[in-house]
Structures are given as C-alpha cells and as structure tokens.
Q: 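Before we start, here is the structure in question, set down as structure tokens.
Values below: every heavy atom of this structure, side chains too, minus hydrogens, waters and symmetry copies. Since the structure is predicted, the reported quantities are computational estimates derived from the model, not experimental observations. Each chain gets a letter, A, B and so on, in the order the sequences are listed, and its residues count up from 1.
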Amino acid sequence: MPVLTLPDGSQRSFAQPVTVAEVAAAIGPGLAKSALAGRLDGRLVDTSHRIEADARLAIVTAKDAEGVEIIRHSTAHLLAHALKELMPEAQVTIGPVIDNGFYYDFACRPLTPEDLAAIEKRMGELAKKDFPVTREVWSRDQAVEFFKSIGERYKAELIEAIPAGEEVSLYREGDFIDLCRGPHVPSTGKLRHFKLMKVAGAYWRGDSRNEMLQRVYGTAWAKQEELDAYLHMLEEAEKRDHRKLGQQLGLFHFQEEAPGAVFWHPHGWRLFLDLIGYMRQRQEAAGYVEVNTPDVMDRALWEISGHWHNYRDHMFTTQTEDERVFALKPMNCPGGVALFKQGVKSYRDLPLRMAEFGKVHRYEPSGALHGLLRVRHFTQDDAHIFCTEEQMEEECRNVVALILDIYREFGFAQVRIKLSTRPEKRIGSDATWDKLEAALSNALDRMGMAYDRFPGEGAFYGPKLEFVLRDAIGRDWQCGTLQVDMNLPERFDIHYVAADNTHRRPVMLHRALFGSLERFAGILLEHYAGALPLWLAPVQAVVMNISAAQADYAETVAKKLREAGLRVDCDLRGEKINYKIREHSLLKRPYLVVVGDQEKAAGWVAVRSRDARDARGSPDLGQMSLAELIERLTLERAGKGVAV
RNA sequence: GCUGCUGUAGCUCAGUCGGUAGAGCAACUGAUUCGUAAUCAGUAGGUCGCCAGUUCGAUUCCGGCCAGCAGCACCA
C-alpha cells in the first residue's frame, strides 16, 4: 500500500504497487503526457518503475534539468539505433550526456557529413514511430554472452568489467537493444528537438594507445526555441573567434614557417604591451621586483630541475659546435632559482617576490595548436616568490586576492578555483606534499573561497591552484595558476640564513596571473568580441573630416587628443563620411570624431560612440566641445569599463 | 601525435568530369569634396600549399610532405 509524498508535500496513497506513469496519470492527464521519469527518494527511475513502498516521488518532465539530461541520454541511444540500422556492421560503445548535448562512440568506417545527415534523418523517422523504450534486467554473464553473439565486442568488454553475478539493465526500443543504467524517456516520440553537430575521432577508453573510434556529437533540448537559441549562441561564438578577429582587426597572423608562433602586428602588439604594462604596475604595487633570465640554457640545468626527465620530448633543443646541448626554456623557474642563488639570502630578504615576463618555448603536439590560445612560444607573466614555510600561506592568500582583483578589472566577475593535488609522476616526499597541499587549501579556506579538488592533476614538483574565468557568453577559460613547491629549492639546494643563524630551505611559489599573455589576449578578444574597452583599444578614437576643407582642423583636433594621452588616428582621405564611418566601425574603434564646416567654425567636434547610445538610441552623440570629449574619454579610460 | 576534412589573388570565395583560372572587396590611377555603416570609372594582381608520379599535357587524378580546421590524446 504505498503512500507517496509529492514535492509540494501532499500525499497520495495507492491500494497496490503503482508505476511512476500511473502516479503521473492520477495527478493529471497533462502530467501523464509530459512525464519522462521519476525521482524516487532522490533516485532517478523510469516511468515504468513499479513503486512497492512508501517514498518521496517527483515526476520529472522536460522542465527539469534532469529531464533534459534524460532526453539527451535517450537521444544518444536513438543515434545508436539509427546508425545500427544504416550500418549494421558498426559496433556501439558508449554514449554519455555532455554540456548542451551528448555524443556516442562507434567502431565503424570514418563517417562523413553526408552520413551524419542520413543518420539524423533516420533518427527523426524512428522518433516519429514512437517506439516504447523498455527496461530489462539481465544477469551479467547472460548480457556478455548476448553482446558477444551479436558481434558487439566493445559492449561485451564494458559489461565484463562489471563484477560477476551482478545484474545489468538493458534498454530496448524497436529492434535496438543497448546496455544502459538509464533511466530513459518512456518512448522515442519524446525526442524531438535534436541535431547532430559533428563527427570526429576519439580513442577507445580515452587512451591514445587504443584504436580510434568515430564519435558523433549531437545536441538535444526540451523545446525547439532552446535548440534554436543554442545554435544561435554557437554562431555568436564563431563571430567572436579571436583568429577571425585577429585577421579582421589586423592584430596578428600565423604562417606556415612558424607553426604555433605569433606574428604580432602593431595594433596587436599595442594590446600585448598594455597587458604587460598593466601587470607591471600591479606587481610593483604588490611588492614584486622584476628580473630577466636567459632563453637558452644548458641541458644540465634542466636535468637538475627535472624538466629534462619529464618533458624532454616537448623541449626545443639546440646543439652548438662545441657539442653542448642547450634547451630553449620551457619554464622560467630555473632562471629564477639561479638568481636567488646569487649572494647569500637572509630571512630579512623574504618574502622575495621576483617577477619575469619570460617567453617560454614548448614543443606542443601539432594537434594541440589553436590560434593564440595554444602556441609553442608564449610569454608568461611569471613570478617566483621565495619565502619561509611560515610565510607561505599568507603569500598564497596575497596571490589569490591579487588575481581576483585583476580579473575583475578586466571584466571577468565569475572566477572558479581548481585545486590540483599530487600526480603519480612526481618528485619529493609525501610529507612535503602534505604540507604543500595544506598550504593551498588552508589559504582558500581562510579566505572563504569555494574550490573544486582535482586529485592527481598537480605539477610534478608541487600542487597547484588554477583560476578559471567565465566570459561574456558563458564559456570557461583557464588562466592563472599558483603552485607551491619545496622540491625545486631542494634540487637546486637553495637556502637562506635564518634569525638563529642556521641555514634553512625557502619555499617557492610559482604564479602566473594572466598565464600566457598570448592566450589572455585571445580570451579578451573573444570576451569582448573584438570591441576592446577604451583603456585596451589599440586605437581609441579616429578623427575624420567630411571634406578637404576641414583637413587642417581635423589634424588640430587629433593632435590635441594625442596630447591628452589618447591613441588617435586621423582619416583625411577623400572618401564620403559614410564610407569612413563604416570602415572604422568595422574596425571596432570606440570613438569616431567627425568634423565638418560647422564644427570647424564653432571649434567643436561631432562624436559617434561604438558602445554608448543617446536618448533616442542613436550612436551619434552629437556635438560637444573638445574639452568635453577629452574629459569623457579620460574618465572612461580610467574606469576601465565600456561606455554606456 | 591520432582520425577525418581543408589549402585557388592581400581578404572572402567561385571554377576546371585533365587543355596553365574568375568574382566581390582591398590596392593603384583618375574623376567626385560629399554630414553619421559601402560614389563612379579604369588599371594591375595568381608557377591554384610544397615535392614527386601517371599523362602529349596536372591547379584538377594518385602518392608523400607541410600547414590549417574539428574532435581525441597532451597541456610542466
């Protein structure tokens, strides 16, 4: 006689065991139709699940996040169903739900976009047939036997990994049957708003030593509008692609002779220099000194640091005539340590915060390269903080506070923190790792910061914090990092003289706030869709004349703006004003300053803003005095935001 | 690195079922001097990513390489 408690607190009792679907029907016909699954005492179950005892029950529909996940999961099965019908020789493997969609991996011949279209069409047909999706429970051995018998060896392998004697669930829709934990939608007719996105290779069990499978990605939603909105978001993201913007705005380029290396054009380099200048100022204020160390150093140094052992294959090396093997530095830390070793350091020198805008070189696998976001030669806003064990936690807190404040100034309000702990491949004792991991987690706890743990993901010499920021369209980017390290100090045998005149080992913090300057510049471009706020815009205003008669006045205006410290171009070409406005607007210049006879006579300027709108919603802000314009721009630049 | 796809003028792209290529924009020249997102006309511009092979003939077909794109793997 089950008594069921619904989410609103009301209770319903039934004379006999009931299914979730029957409960939904008892509540109302609308709910019966939209029910996708049930949440029974917190556990997701199919609508066909029979409830025998008292429980808390919620009917899951497409309005719930879980409902959408079930739709995605079931759509993955529908994909496998359709593909098996079209290609019976294909073998199925796994098909999980991911952000915004799902994928399914198959062992089959390489799929083409035409295949994808055909599969999608078949999925639509199968959905329309509204096959019931039914759950069956088999013994593990029976399931292994079955999948082997139909030639599904990947599936059989997966089930064999389940402990013997356990039962497994299978789901059947039409002629298709698949191993799955479930739950699934009650019938394929619930799957309506989906689209296959792309196909690509993926390794079996995610291991590059294994064979490559065909992975089909898809997206699925509860409503057509949501699917449309998602596709629209992807289009927007494409427009923000920093590689495209870099081309359009003339910021940088890449070419075949230098894979993974940036050719910075003047305007791009302006941004790069501004980022360094900003960081330099912030670091100086935070008590750092800046240094510079060699780019090419003897292999012996990298053997001491452990990089040679761990990353030799990813290092650029060079052999000179005298047979010495040098490496282009893949990290700045050994150089920093070498500087620390110069002279005798006292506890009074600590903490010693040593910053370096060092360019590092890493031979990244060719497939990893991606615009500015993943390059082989990049500049870190690196720093090494040498301190005592007692100072380490406070120094960590200082770094965290500095990072968060800087991200905020760049317009990133949402930042997530990841704590990565000791990896399998590491140097140093467990006792040391205990101390280091505690320093990071204590620092965060003391600051009341939330963070996620990633066991085994730390660097080989120490655990690390990683700072992940969320951009304007909700994408996450990993940027800053903070690592604590007692291992390199030991390997390089560095020490300081303590107050009691004994020699002690300092702790080393490695930190980078932007991470890679190149990457951060790329992220900024995507975040702002190329429309950099005034303080970062390579060209902040363009002065343009309407006709030749005002050329001299336009030059005077440009000169005065430059004297106020603004970066200003002057366009005196004999083109129509519409043409000039279009061109400079496409270049996303924040301000266009138009001067014609009226302005020249009155000594004024007409201002058009990229971001701001007047009361009528027009970007044309009308006439103002030059002093007013300078004040406006100076204020906006100091505020670091975008104009409104 | 792996799988698949792509590489034609400065940019965006069309084209050649094998007979050495075309548009728009940009550039250059001339005319136009114009009030808030493209004025008109003309000129010039390419060893069709690179190297081999098949062929009377390859940008097109085959193979190798390089680079890029998507995903996977990697990311000190």
Q: Name the nucleic acid region contacted by Gln214(A), choosing base, sugar-phosphate or nothing; use a 4.0 angstrom heavy-atom cut-off, strictly under.
A: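 Sugar-phosphate only.
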
Q: Using only modelled atom types and a 3.5 angstrom limit, is any donor from either the side chain of Tyr203(A) or the base of rG1(B) paired with an acceptor on the other?
A: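 Side chain to base: pair found, below 3.5 Å.
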
Q: Which nucleotide wins on minimum distance to the side chain of Arg374(A), given the candidates rA38(B), rG71(B), rC75(B)?
A: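 Closest nucleotide to the Arg374(A) side chain: rC75(B).
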
Q: Return the nearest nucleotide to the side chain of Lys576(A); candidates are rU12(B), rU39(B), rA70(B).
A: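 Of the candidates, rU39(B) comes closest.
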
Q: Name the nucleic acid region contacted by Gly306(A), choosing base, sugar-phosphate or nothing; use a 4.0 angstrom heavy-atom cut-off, strictly under.
A: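 Here Gly306(A) touches no strand at all.
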
Q: Could you tell me whether Phe460(A) and His309(A) have their ring centroids closer than 6.0 angstrom?
A: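 Ring centroids of Phe460(A) and His309(A) are no less than 6.0 Å from each other.
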
Q: Could you please name the option among rA76(B), rA38(B), rC34(B) that lies closest to any side-chain atom of Asn578(A)?
A: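 Ranking rA76(B), rA38(B), rC34(B) by closest atom to the Asn578(A) side chain puts rA38(B) first.
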
Q: Would you indicate what Ala549(A) reaches in the nucleic acid, counting non-hydrogen atoms under 4.0 angstrom: base, sugar-phosphate, or nothing?
A: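 Here Ala549(A) touches no strand at all.
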
Q: Of all the nucleotides listed (rG1(B), rA76(B), rG35(B)), which has the minimum atom distance to the side chain of Asp597(A)?
A: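 Output: rG35(B).
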
Q: Give a yes or no on whether a donor-acceptor pair under 3.5 Å exists between the nucleobase atoms of rA37(B), that is its base, and the side chain of Arg608(A).
A: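 Per atom types, the contact qualifies.
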
Q: Closest to the Met331(A) side chain: rU3(B), rA76(B), rU33(B)?
A: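 From the listed options, rA76(B) comes nearest.
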
Q: Among Lys600(A), Glu599(A), Lys580(A), exactly one meets side chain to side chain donor-acceptor pair (under 3.5 Å) together with Asn545(A). Which residue is that?
A: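 Considering Lys600(A), Glu599(A), Lys580(A), a side chain to side chain donor-acceptor pair (under 3.5 Å) with Asn545(A) is found only for Lys580(A).
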
Q: Given rG4(B), rG35(B), rC72(B), identify the nucleotide with an atom nearest to the side chain of Pro110(A).
A: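 For Pro110(A), the side-chain atoms sit closest to rG4(B).
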
Q: Which of the following nucleotides, rA37(B), rU39(B), rC2(B), is nearest to the side chain of Met212(A)?
A: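 Closest of the options to the side chain of Met212(A): rC2(B).
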
Q: Hey, does Asp298(A) have a side-chain heavy atom less than 4.5 Å from the side chain of Val325(A)?
A: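 Side chain of Val325(A) against side chain of Asp298(A), heavy atoms only: no contact under 4.5 Å found.
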
Q: Pick base, sugar-phosphate or nothing for Arg215(A), based on heavy-atom distances below 4.0 Å to the nucleic acid.
A: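 The residue Arg215(A) makes sugar-phosphate contact but no base contact.
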
Q: Determine whether any donor atom in the side chain of Glu364(A) lies under 3.5 Å from an acceptor atom in the base of rG1(B), or the reverse, and answer yes or no.
A: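 It does not, because no donor-acceptor pair links the side chain of Glu364(A) to the base of rG1(B) below 3.5 Å.
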
Q: Got a salt bridge between Glu628(A) and Arg632(A), using NZ or NE/NH1/NH2 to carboxylate O under 4.0 Å?
A: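 No, Glu628(A) and Arg632(A) are not salt-bridged.
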
